> 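Next up is a structure, given as structure tokens.
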Amino acid sequence: RLAAPAPGWTTSADAIVVGSGIAGLTAALELRARVPRVLLITKSVLASGSTVWAQGGIAAALDPQDTPEAHSRDTLTAGAGLCDPVAVDVLVSEGPDRVRELAGLGAAFDVDQAGRISLTREGGHGTNRIAHAGGDATGAEISRALVARIEAVRNDPGVEVIEHAIVLDLLTAEPGPDGAPGPVCGVTLHVMGEGTRDGVGAALAPAVLLATGGIGQVYPSSTNPALATGDGLAAALRAGAPVADMEFVQFHPTVLWLGAGAKGQLPLVSEAVRGEGAMLLDTDGVRFMPDVHPMAELAPRDVVAHAIVRRMAATGADHVYLDCRHLDPGFVRARFPTIHARLLAEGIDLATDLVPVAPAHHFHSGGVLTDLHGRAGVPGLYAAGEVACTGVHGANRLASNSLLEGVVFAHRAAADIGARVQAGELALREPAERPGPAGLVAAAARARVQRLSALGPGVIRTGEGLEAAARGLAQVPTSPTAPGVVAQPQTAEWETTNLHQVATVLTATAAERTESRGGHFRADFPEPDDAWRVRVVASLDPDGALRLDRAPVSPSPGP
């Protein structure tokens with residue numbers, strides 16, 4: 001567990017949702033209609049998280065000429081043999097209805113002249129099936145609509161929203177005979193000086209749904225917001241839940257290159273720009289993607305990212321260029337107003353200038369292992385969105401499937417929680433203190449953790465680099481009582497501890513998988529190996545030691 005003061009206040013609910021992206025907001029709205037009392041906890045304000053940054057759109061077979069089966073084929077192809085086909089079938093078959101429901105909730109998708117949702121194409125998709133809003137502001141519009149629905153019921157006694165709060169650990173009941181933690185019965189959280197509750201408290205509930213997003217700040221540069229520090233994933237692991245597919249990290253091919261010293265959240269140039277015809281050129285002006293893949297710039301993201309890295313190595317450059325100059329300038333600026341404005345702030349005109357880009361961390365395909373109803377490996381624990389591993393992404397996420405996964409599986413998880421609470425299958429239990437040390441990593445170590453992550457489980461990996469990263473991470477002091485360490489239980493330290501734990505597991509699983517597949521590329525094992533068509537599952541044993549297992553690619557049964 002994280003080192004933290006004892007809770008100074010307590011509240012309770014029938015279900016707790018942690019996170020306010022598309023998955024968390026969807027789950028909270030669904031649960032409000034199914035259980036008497038819902039608690040929604042978010043690390044900043046409601047309209048924060050990764051969803052608001054999603055530029056490209058949300059994929060679904062909405063065109064009468066398209067089919068869920070075609071969407072499934074494209075998803076399975078991108079996933080490089082590790083998608084769970086049953087989970088993919090759920091995603092693509094239920095996805096169209098969930099997108100229409102978002103429109104019904106007020107999300108204003110772009111429409112064509114006939115008033116139908118306008119559909120575009122992105123990398124890996126065989127047809128136009130990407131719904132977007134505001135050209136390149138789809139996530140922001142979906143978030144706006146969902147937040148408005150939550151705000152409309154903020155005074156509802158059945159819904160409580162706690163903003164500016166970081167969840168520290170999951171509370172669990174008495175351990176079982178094997179020593180593993182018992183069922184989840186709530187969370188500890190720290191409210192960061194805003195609102196009526198301050199400091200560390202405890203929220204009790206028979207069900208907790210994690211929708212805390214990704215792990216972006218594990219790396220020095222990422223398209224993720226600063227809030228993405230792997231909090232939910234690390235808390236689930238500490239509570240006994242298995243995590244899977246951790247090694248599959250998606251690096252977005254076209255993130256604006258702002259120089260070697262750039263760090264933190266970097267602006268991406270959406271895949272949709274390439275979907276409209278933009279080309280990739282190396283620093284000699286040579287277009288290189290047609291020689292790499294039949295789909296050229298619209299190849300799956302891992303293919304494009306690796307091709308860019310190899311081209312950069314061949315030319316001795318630290319970036320390539322995205323070229324829209326052959327497209328109509330008025331169309332480019334109108335189609336991508338947000339990207340155009342962001343680039344102008346850096347002195348770059350998307351329509352008339354070459355745009356310097358390079359791969360950077362973007363999305364994590366792994367996470368808390370769940371079944372088809374969002375159930376994780378500890379009774380009462382659920383996960384949805386990027387923090388979860390449902391099996392739909394496999395080794396590499398298909399473009400614009402992430403928003404769809406969040407809404408589809410959050411909807412299913414909320415329905416399952418509601419039914420089980422009403423049936424008495426999930427009941428509130430008394431929390432028990434878990435054995436084991438209380439860890440804390442100094443905030444000053446964050447840059448070191450990020451550097452080790454980039455050098456080890458980065459875009460291109462080697463056994464030597466991963467071993468060096470593992471050694472470096474093991475040398476980071478993890479206790480506030482270590483000699484000379486200056487660390488206090490506070491947000492920066494808690495986040496850094498979570499990043500360190502996530503980076504440690506990520507490095508271990510990347511070292512375990514001796515092949516290249518999807519978002520995992522090993523220069524020393526550059527080809528896929530059929531023997532590795534398995535899922536690497538990581539968990540902590542009752543003594544707190546990391547354990548790695550191999551499992552078939554199929555849904556976790558969930559307790």
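Fair warning: this is a prediction, and the values are worked out from it, not measured in the lab.
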> Show, in sequence, the C-alpha distance, side-chain angles and deciding distance for Leu506 and Ser453, and conclude whether the side chain to side chain contact (heavy atoms under 4.5 Å, CB included) test is met.
CA-CA 9 Å; Leu506 171 59; Ser453 297; 5.5 Å; no

> Check whether any side-chain heavy atom of Pro457 lies under 4.5 Å from a side-chain heavy atom of Leu466, and answer yes or no.
yes

> At what distance, to the nearest 0.5 angstrom, does NE2 of His393 lie from CD of Glu386?
8.0 Å

> Any side-chain to backbone donor/acceptor pair from Asp169 onto Ala239? Under 3.5 Å, distance only.
no

> How long is the span from the OG atom in Ser222 to the NE2 atom in His362, to the nearest 0.5 Å?
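If we round to the nearest 0.5 Å, Ser222:OG and His362:NE2 are 8.5 Å apart.
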
> Where do Arg533 and Val553 land on the side chain to side chain contact (heavy atoms under 4.5 Å, CB included) test, with the steps shown first?
CA-CA 8 Å; Arg533 293 191 68 168; Val553 179; 5.7 Å; no

> Can you find a heavy atom in the side chain of Leu25 that is under 4.5 Å from one in the side chain of Leu46?
yes

> Give me the atom names and distance for the closest heavy-atom approach of Asn498 to Ala234.
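Between these two residues, the closest heavy atoms are OD1-CB, 3.4 Å.
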
> When you measure from the side chain of His520 to the backbone of Ala395, do you find a donor-acceptor pair of N or O atoms at a distance under 3.5 Å?
no

> Where the side chain of Glu493 meets the backbone of Ala443, is there a donor-acceptor pair that is under 3.5 Å apart?
yes

> Is a side-chain N or O of Ser221 found less than 3.5 angstrom from the main chain of Ala360, in a donor-acceptor match?
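No; zero donor-acceptor contacts below 3.5 Å.
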
> Indicate yes or no: at least one non-hydrogen side-chain atom of Glu271 is less than 4.5 angstrom from one of Thr254.
no

> For the residue pair Trp257 and His319, does the interplanar ring angle fall in the parallel (under 30°), tilted (30 to 60°) or perpendicular (over 60°) class?
parallel

> Give me the atom names and distance for the closest heavy-atom approach of Met192 to Ile166.
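It is CE-N, 4.1 Å.
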
> Is it true that a side-chain atom of Glu160 and a backbone atom of Ile41 form a donor plus acceptor pair closer than 3.5 Å?
no

> Got a sec: does the CD of Glu346 have more than 12 other heavy atoms crowding it under 6.0 Å?
yes

> Hey, are the side chains of Trp9 and Val191 touching, using non-hydrogen atoms and a 4.5 Å cut-off?
yes

> From His364 NE2 over to Glu247 CD, what is the distance, rounded to the nearest 0.5 angstrom?
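One finds 8.0 Å between NE2 of His364 and CD of Glu247.
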
> Report yes if the side chains of Val485 and Ser479 come closer than 4.5 Å at any heavy-atom pair, otherwise no.
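Result no, sub-4.5 Å side-chain heavy-atom pair not found.
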
> Could you pull out the closest heavy-atom pair between Gly518 and His306, with the gap in Å?
O-CE1, 3.6 Å

> Of all heavy-atom pairs between Val17 and Ala27, which one has the smallest distance, and what is that distance?
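Closest approach of Val17 to Ala27, heavy atoms only: CG2-CB, 4.3 Å.
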
> Would Thr390 and Glu405 count as a side-chain hydrogen bond (donor to acceptor under 3.5 Å, both in side chains) here? Give the steps.
CA-CA 9 Å; Thr390 62; Glu405 181 198 28; 2.7 Å; yes

> Check whether Thr497 reaches the backbone of Val441 with its side chain - one donor and one acceptor, N or O, closer than 3.5 Å.
yes

> Can you check whether Val505's main-chain N or O pairs, donor with acceptor, with Thr509's side chain at less than 3.5 Å?
yes

> Does the side chain of Phe409 reach to within under 4.5 Å of the side chain of Thr370, using non-hydrogen atoms?
no

> Could you walk me through whether Val243 and Val537 satisfy the side chain to side chain contact (heavy atoms under 4.5 Å, CB included) test, starting with their C-alpha distance in whole Å, then the side-chain angles of each, then the deciding distance to 0.1 Å, before giving a yes or no?
CA-CA 6 Å; Val243 299; Val537 178; over 6 Å; no

> Would you sort out whether Thr283 and Tyr321 count as a side chain to side chain contact (heavy atoms under 4.5 Å, CB included), showing the intermediate values?
CA-CA 7 Å; Thr283 50; Tyr321 290 108; 4.0 Å; yes

> Taking atom OG1 of Thr188 and atom CG of Leu168, what is their separation to the nearest 0.5 Å?
4.5 Å

> Looking at side-chain heavy atoms only, is the closest gap between Val218 and Val249 below 4.5 Å?
no

> Taking all atoms of both residues into account, what is the closest heavy-atom pair of Ala47 and Ser143, and its distance?
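Scanning both residues, the minimum pair turns out to be CA-OG, 4.2 Å.
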
> Any sub-3.5 Å donor-acceptor pair from Asn224's side-chain atoms to Gly216's backbone N or O?
yes

> Distance from Trp532 atom CH2 to Phe525 atom CZ, nearest 0.5 Å?
9.5 Å

> With the side chain counted from C-beta on, respond yes when Leu233 and Thr212 share a heavy-atom pair under 4.5 Å apart, and no when they do not.
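Side-chain contact under 4.5 Å: no.
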
> So which heavy atom on Leu2 is nearest to which on Arg238, and how close?
CG-NH2, 3.5 Å

> Would you say the side-chain atoms of Arg517 pair up with the backbone N or O of Asp529, donor to acceptor, closer than 3.5 Å?
yes

> So if I apply the side chain to side chain donor-acceptor pair (under 3.5 Å) rule between Glu495 and each of Gln490, Lys43, His500, which one comes out positive?
Lys43

> Which value, rounded to the nearest 0.5 Å, describes the distance between Arg1 atom CZ and Leu171 atom CG?
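If I round to the nearest 0.5 Å, the distance is 11.5 Å.
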
> More than 12 non-hydrogen atoms from neighbouring residues, nucleotides or ligands closer than 6.0 Å to CZ on Arg310, yes or no?
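More than 12 heavy atoms, drawn from other residues, nucleotides or ligands, come within 6.0 Å of this atom.
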
> Strictly distance-based, threshold 3.5 Å: is any side-chain N or O of Asp84 a donor or acceptor partner for the main-chain N or O of Ala87?
yes

> Hey, is CZ on Arg429 packed in by over 12 heavy atoms from elsewhere, all under 6.0 Å?
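Open: at most 12 neighbouring heavy atoms sit under 6.0 Å from CZ of Arg429.
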
